[in-house]
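This report concerns only the one structure given below.
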Number of protein chains: 2
Amino acid sequence: MSRLESEAKVTGTAEYIHNLDLPGMLHGKIVRSTRPHAWIKEIDVSAAMQVPGVRRVVVAEDVKAVTSVDYMGPAFLDQPVLAIDKVVFVGEPVACVLGDDVHAAARGANLVVVEYEDLPAVFDEVEACQPGAPVVHDRIRPSSMFPDLKSLPDGRDTNVALAFRLRQGDVAKGLAESDHVFEHTFRTPGSTHATLEPFVCIGEIGEKGLITVHSATQNPSIIQIELARLFGVPENMIRVRTAFLGGGFGAKLYPKLEPLAAACAMLTHRPVRIALSMEEQFFTLTRHATSITLRTGVNSDGTIVARHCDVKWNTGAYADIGPRVAQKTGFTAGGPYEIEHMSIDSQCVYTNLPPAGAMRGFGIPQVAWAYECQTDIIATELGIDPLVFRERNVLRNGRDHASGTKLVGAGTEEVLGVLRSSMQWDEPIDRGVGSVRRGRGVAFALKAAMTPSTSVAVVGLSGDASCTVHCGTVDMGQGSDTAYAQIVAEVLGLEAEDISVVHPDTQFTPYDMGTLSSRSLFHMGKALVRAAGEVREQLLDLATAHTGVSREDLELSEGAVIARGGARLSLAELMERQFGMQAGNIIGRGEFTPSYQPPDLETGQSPDIASFWMVGGAGAEVSVDLETGTLKVEKLVVVGDSGRAINPDVVRGQFTGAATMQLGMTLSEELIYEDGQLTNAGLAFYRVPGLLDLPASFESHLIDFPAEGDAPFGAKGVGESGGFAVAPAIANALYDAAGVRVNDLPLTSERIWQALGAPAPVAGGGVD
Amino acid sequence: MSRLESEAKVTGTAEYIHNLDLPGMLHGKIVRSTRPHAWIKEIDVSAAMQVPGVRRVVVAEDVKAVTSVDYMGPAFLDQPVLAIDKVVFVGEPVACVLGDDVHAAARGANLVVVEYEDLPAVFDEVEACQPGAPVVHDRIRPSSMFPDLKSLPDGRDTNVALAFRLRQGDVAKGLAESDHVFEHTFRTPGSTHATLEPFVCIGEIGEKGLITVHSATQNPSIIQIELARLFGVPENMIRVRTAFLGGGFGAKLYPKLEPLAAACAMLTHRPVRIALSMEEQFFTLTRHATSITLRTGVNSDGTIVARHCDVKWNTGAYADIGPRVAQKTGFTAGGPYEIEHMSIDSQCVYTNLPPAGAMRGFGIPQVAWAYECQTDIIATELGIDPLVFRERNVLRNGRDHASGTKLVGAGTEEVLGVLRSSMQWDEPIDRGVGSVRRGRGVAFALKAAMTPSTSVAVVGLSGDASCTVHCGTVDMGQGSDTAYAQIVAEVLGLEAEDISVVHPDTQFTPYDMGTLSSRSLFHMGKALVRAAGEVREQLLDLATAHTGVSREDLELSEGAVIARGGARLSLAELMERQFGMQAGNIIGRGEFTPSYQPPDLETGQSPDIASFWMVGGAGAEVSVDLETGTLKVEKLVVVGDSGRAINPDVVRGQFTGAATMQLGMTLSEELIYEDGQLTNAGLAFYRVPGLLDLPASFESHLIDFPAEGDAPFGAKGVGESGGFAVAPAIANALYDAAGVRVNDLPLTSERIWQALGAPAPVAGGGVD
């Protein structure tokens, strides 16, 4: 089935917050810090206020006048709405100029003069952990959002915001007893989400002080809760509306522009719109740069015996959800392998860079980069085929993961099997000619979908039996509206095309933990199965009451109740019989909260941390020019365990979409800083993949491994797994082609050329 | 408790559709018929299109291009969106000019030239029933909304749209055997609702063709259903939003501007706003003019033996809900008396006047005008005190009403008792001096709240246990939001001030039959008791699960679960225990559809037509200048059976509000037509009561007669009963003061002066 929203998107009727325009609206332009770490001595707004059309310049003091607390953040309360007293990264919002139009506001913003007193700064996550490094925050306040996130004690002289530890077996003993011990360090750079709809939010104050934000967010419920906390009002005085989202990828999960837009609206009694430029997005949220050291003990037969993982996440100047990345992804930093002795230290580290948080994969692409590069290094050293090595050590379904949670409903072996066949692994490949050599590689990874987490849904039938779905999932391109319509249609015997899935609006749509972690299809899907099921039960009860046919002899199909004998009563007619006219509703509610046990504080283990497991693999065939270092991905295969796909075309789109993003991170994307100043903000300088960068051969394969337990119709989340393993698969193919390894992403021509020994250019530009 | 919305209204943050402004919005101005009955020969829009800023002139042909059927109407499908082929009243919409602003549209509307060919017309409801009268509609199509409304057969040569008959006993025999037979005819003129927020609607076409109307309507659900039928789409493709309403009084129940605004938006792909002037409201919906003849047989001991009622409702050129007025109010046209033999013929009659429909009281003030004037005439003739006469004949609670339905939970005797005491009926009164004489009178009436009818409500708790109420009731000044917050607070042990009652939006709020017939407190109130009850049950279940305290030992109070021993768990904490963090919802649903049996086609009787009974009485003390006919109401007492008042202050406001409206209808309000042309449209010419018109003494008394059955906390609807009996009470006081009767409303000085024998003015303006 085609996506239900396609026509609206093609014809331009699809609603985006970016296009929303309210009468009397002011436009805000943010004045940003030019210093990575400094005291604010003075903010001079006098010149800005002279600009025609500038109405007000809002600074931290103004925000304090309308808020109940000063700091916010999903993990720790460390981030002010506008910088209070000091700035901690270049690009931090310091003031907001409000004007009648964007141009006035921008002119005003250019004229705000901020006087700073510089402080020493630190940018690298490893340096930030050294004794004597400048400390970004000397205090962090716990957040109420995730009760299981425990920071280090206060009175801090460390940049480590959170240190997660996992301990299984005895790693020291395991390493000592191994035939071989390998230690490597891998690094990934900061990168950006580059959503095509930039961050945008309109704040508006309504009746009885209701605070409304129309926001391009992935997470209406969490924004609602956080704004309630910030402004000191109950949740029912906060309304968060969203629409289709032009990409999120984790950037738009937690409060970004919403607190500022709402505060400005309170201060001015007018709606206030703040929309970021693409360049400004680079300073708002990034993906963590990481430094990952793996020490792995292996026996000569190819058995991995022990592994220690040391992961440092550069979370920038504010933690955002970084501590949870460190914690949740720390769980699986050892890879999709069965390893008897495992220890993990996963640290979330503050630096004076823009904040880093969630991004598609939630850290898995970074840790997979490390463990899947090392997997090939080890296999090569041991003389074992890398795929065979993986098959030997793979964590099989039903076995306990190092996190303490059993792997269930996860097709790890099956993903490897499809990689083998789709890469034609048993066939020789063309090795290239002259200076252009070809090679291939594979990689795979797994991820546990996060808990604790709740989704609530409401499904309603109107008097004509037309169906409306209320839920908080944001359709940001992943096709959730279509999938949900299919799910509800299946339960109620309706056509998916006839079902209306309404955009989230927290004044009406129930709670959802957020459109994140590939959880929507699984969690909200399950809530919808239950909500539609409640409707179904009521309809069958009514049909029995009105027809006398017994419950077991009735089925819902084609918009009607159908009796075993073939007699049929349309649902609209049933409603009319029940309510005496075209009237009434049948309403069903569904809620889903998977079971969860918080990790043991000592071992970091828990028997129940995953609502479901995602497994994703990639295979790459590349060509490398040995003279220039130019790498080209000729073929890319993505293999994901989707469970039973509700809509296979949409799943394939998710797999290739995630893989394409990861292709950019592999080959070109990198935030480049000089003394904390980002030098390549904006898509003119930061290169995301274009159509011409896509591999000539680009396959995606769905694995219908039987999902267990709560999966709605056996389906699982698929939004991230396509990207897990792309980078190491390409790096492994590079090695296979050229015999060199590059352990720091991205795999630029220059880095490969350096790894190749920096061969001199061919004189005269001759052809081989 | 004060009304929860007062502050928003006083500070100006209260939302009204009239204030809504959408970007890119066009403004529509309606071109109206200047003829009462005529063929449309040609519509020339060329001059209008030359006006700068005029974008389009929409006529019936354009509407047909986007609609699926041509006619609409709640009772019969008789009314086009814009006149098709012919016009049937002066003021009927013929075209709509769309401009960039209201001024351009209005200039354009003045330049649209319509060529007519006149047809004979009829204006009086009695004349319209004569053989040979011009026929307004030669065909009317049944509507699906009310399956129990049966019109006369098609191929029509009558203006009678619906003829309701009630037959109990043998009236001919009863009249023949009575000691006295009285026959009088009473008339009431057409009048207008004069809502201070004029009709206004913005149509907008959204994503996937969703048709949204932001409308000042009392009835979002019915508008949704009717627009779905008109445009041939399912209900889930229609969204009707409203806000606070600046008065409704029955005018804004059924589609008015909504179909036109939506059609114009479809035709132009832009939002289209149509807002009527106060003058235009006079041509949109009116209150029925009536001619009522009562033939009543009475024995000399004061027992009413038999009564025949002949009621003709002038429903104008389109039926709107007029047939239901004729049918539903026909039921009780015999008054609040126990009369053995009763026959009622209640006819809804088309004429070439603006349509008439529902208005506060739904016809009861008109029939009460007739029967309560006649009651006093009879009592006077028999030499019985009018109050004693009423007490002798009153239909007592528990007795069968002539409609066949038993009177339950109705304090008829109690209303009379409070009238006796509050009017100090047993004390003599000051009779005045000289030409200014004083007198007093009483009257009372009852009404059956209409069925069939359904209300659905949803009550939700957020993760912080703040509570939101979703329902379709429109708060148009009656204070329903406050009452609902009180009801839900009572069930859940919360503070009413903390509960958010959200404005209706059919994309989210469930079905409600409409804010009409004083039904909202009773019907939606009951649905809310049930919805909040579902929340309560879930909370208590959770509390038991999380604390181990047994269900019976737990209570909800002060935002917490409180155990018998005094231990307390706040609801927010309970939510957090259940969902592992501040998350989730508890959702309760409630639905209420009172039982109903359609009337027998032969006798018009039904054992079950009333969901509840309303009883309202009035007492008036007036002074009359015998030389000029000037009548002044010195004291007005309103007595209503409110059941247990949820908010006594609001009930008193409803009683005095309804009485004040009725005071205007009694003394001054009258639509005056000349050959079908309304001569006094607009509040400059049509006089509604001002503050100075209010009686110096104005009391309202609530009677807490124990309501039975489904009444939420024993409460009943109170929006109409304050106005039932005001007019006859004043007329009876006029008779008591001056010895003259005026049987046609309003009681203008001129009519009273005529009744007084048209005394010559005192020469030289002397003082008596």
Side-chain angles (χ1 to χ4, degrees), chain A residues 4-5 7-8 13-15 21-24 144-147 205-210 221 224-225 228 234-237 243-244 451-454 456 458 460 462-464 466-468 470 498-500 502-503 505 507-511 513 578-585 587 589 591 593 596, chain B residues 4-5 7-8 13-15 21-24 144-147 205-210 221 224-225 228 234-237 243-244 452-454 456 458 460 462-464 466-468 470 498-500 502-503 505 507-511 513 576 578-585 587 589 591 593 596:
Chain A
L4 298 178
E5 76 280 12
E7 187 180 328
T13 67
E15 187 189 358
D21 182 11
L22 297 182
S144 58
M145 197 183 297
F146 297 102
I205 308 304
E207 220 165 73
K208 303 176 193 169
L210 179 78
S221 295
Q224 179 187 29
I225 290 169
E235 284 183 47
N236 64 7
M237 290 303 292
F244 282 124
T451 47
S453 141
T454 291
V456 186
V458 170
S462 299
D464 66 349
S466 64
C467 179
T468 302
H470 293 159
D498 298 335
I499 292 173
S500 168
V502 178
H503 293 309
D505 178 339
Q507 200 166 37
F508 298 104
T509 46
Y511 177 88
M513 167 74 186
Q578 173 65 15
F579 295 104
M581 56 201 290
Q582 183 173 332
N585 302 105
I587 299 171
R589 306 151 303 175
E591 183 246 311
T593 307
Y596 167 69
Chain B
L4 298 178
E5 76 280 14
E7 187 181 327
T13 67
E15 188 189 356
D21 181 13
L22 297 182
S144 57
M145 197 182 296
F146 296 103
I205 308 304
E207 220 166 75
K208 304 176 193 168
L210 180 77
S221 295
Q224 178 187 31
I225 290 169
E235 284 183 49
N236 65 5
M237 291 304 290
F244 282 124
S453 139
T454 291
V456 186
V458 170
S462 298
D464 66 350
S466 64
C467 178
T468 301
H470 293 158
D498 298 336
I499 291 173
S500 168
V502 178
H503 293 308
D505 178 340
Q507 200 167 38
F508 298 103
T509 46
Y511 176 87
M513 166 76 184
E576 188 163 334
Q578 173 64 15
F579 295 104
M581 56 201 292
Q582 182 173 333
N585 303 103
I587 299 171
R589 308 152 301 175
E591 183 245 310
T593 306
Y596 167 68

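By convention in this document, chain letters (A, B, ...) are assigned in the order of the sequence lines, proteins followed by strands, and residues within each chain are numbered from 1. No hydrogens, no waters, no symmetry mates; every other heavy atom, side chains included, goes into these values.
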Most contacts with chain A, counted as non-hydrogen pairs under 4.5 angstrom, among B/Gly209, B/Ala8, B/Ala243, B/Pro510 = B/Pro510

Name the option with the most non-hydrogen atom pairs under 4.5 Å to chain A; the candidates are B/Arg589, B/Glu7, B/Lys208.
-> B/Arg589

So which of A/Ile499, A/Asp464, A/Val456 has the largest heavy-atom pair count under 4.5 angstrom toward chain B?
-> A/Asp464

Does B/Gln507 reach the side chain of B/Leu210, with side-chain heavy atoms less than 4.5 Å apart?
-> yes

Between B/Ala228, B/Ser466, B/Gly206, which has the largest tally of heavy atom pairs under 4.5 Å with chain A?
-> B/Ser466

From the list A/Val458, A/Asn236, A/Ile225, A/Asp498, the residue making the most non-hydrogen contacts under 4.5 Å with chain B is A/Asn236

Please step through ring pair (Phe, Tyr, Trp, His ring centres under 6.0 Å) for the pair B/His470 and A/Phe508, ending with a clear verdict.
-> CA-CA 8 Å; B/His470 293 158; A/Phe508 298 104; 5.0 Å; yes

Parallel, tilted or perpendicular: which describes the rings of A/Phe244 and A/His503, with under 30° parallel and over 60° perpendicular?
-> perpendicular

Identify which of B/Thr509, B/Val502, B/Thr468 forms the greatest number of heavy-atom pairs closer than 4.5 Å to chain A.
-> B/Val502

Output the option from B/Gly24, B/Ser500, B/Ser453, B/Ser221 having the highest count of non-hydrogen pairs under 4.5 Å with chain A.
-> B/Ser500

Atom pair OG/CD1 of A/Ser462 and A/Ile587 - distance to nearest 0.5 Å | 9.5 Å

A/Thr454: partners by side chain to side chain donor-acceptor pair (under 3.5 Å), with sequence neighbours left out | A/Thr593

What residues, two or more places apart in sequence or in another chain, satisfy ring-ring contact (aromatic ring centres under 6.0 Å, His included) together with A/Phe579?
-> none

Determine the option with the most heavy-atom pairs under 4.5 angstrom with chain B, choosing from A/Gln582, A/Met513, A/Glu591.
-> A/Gln582

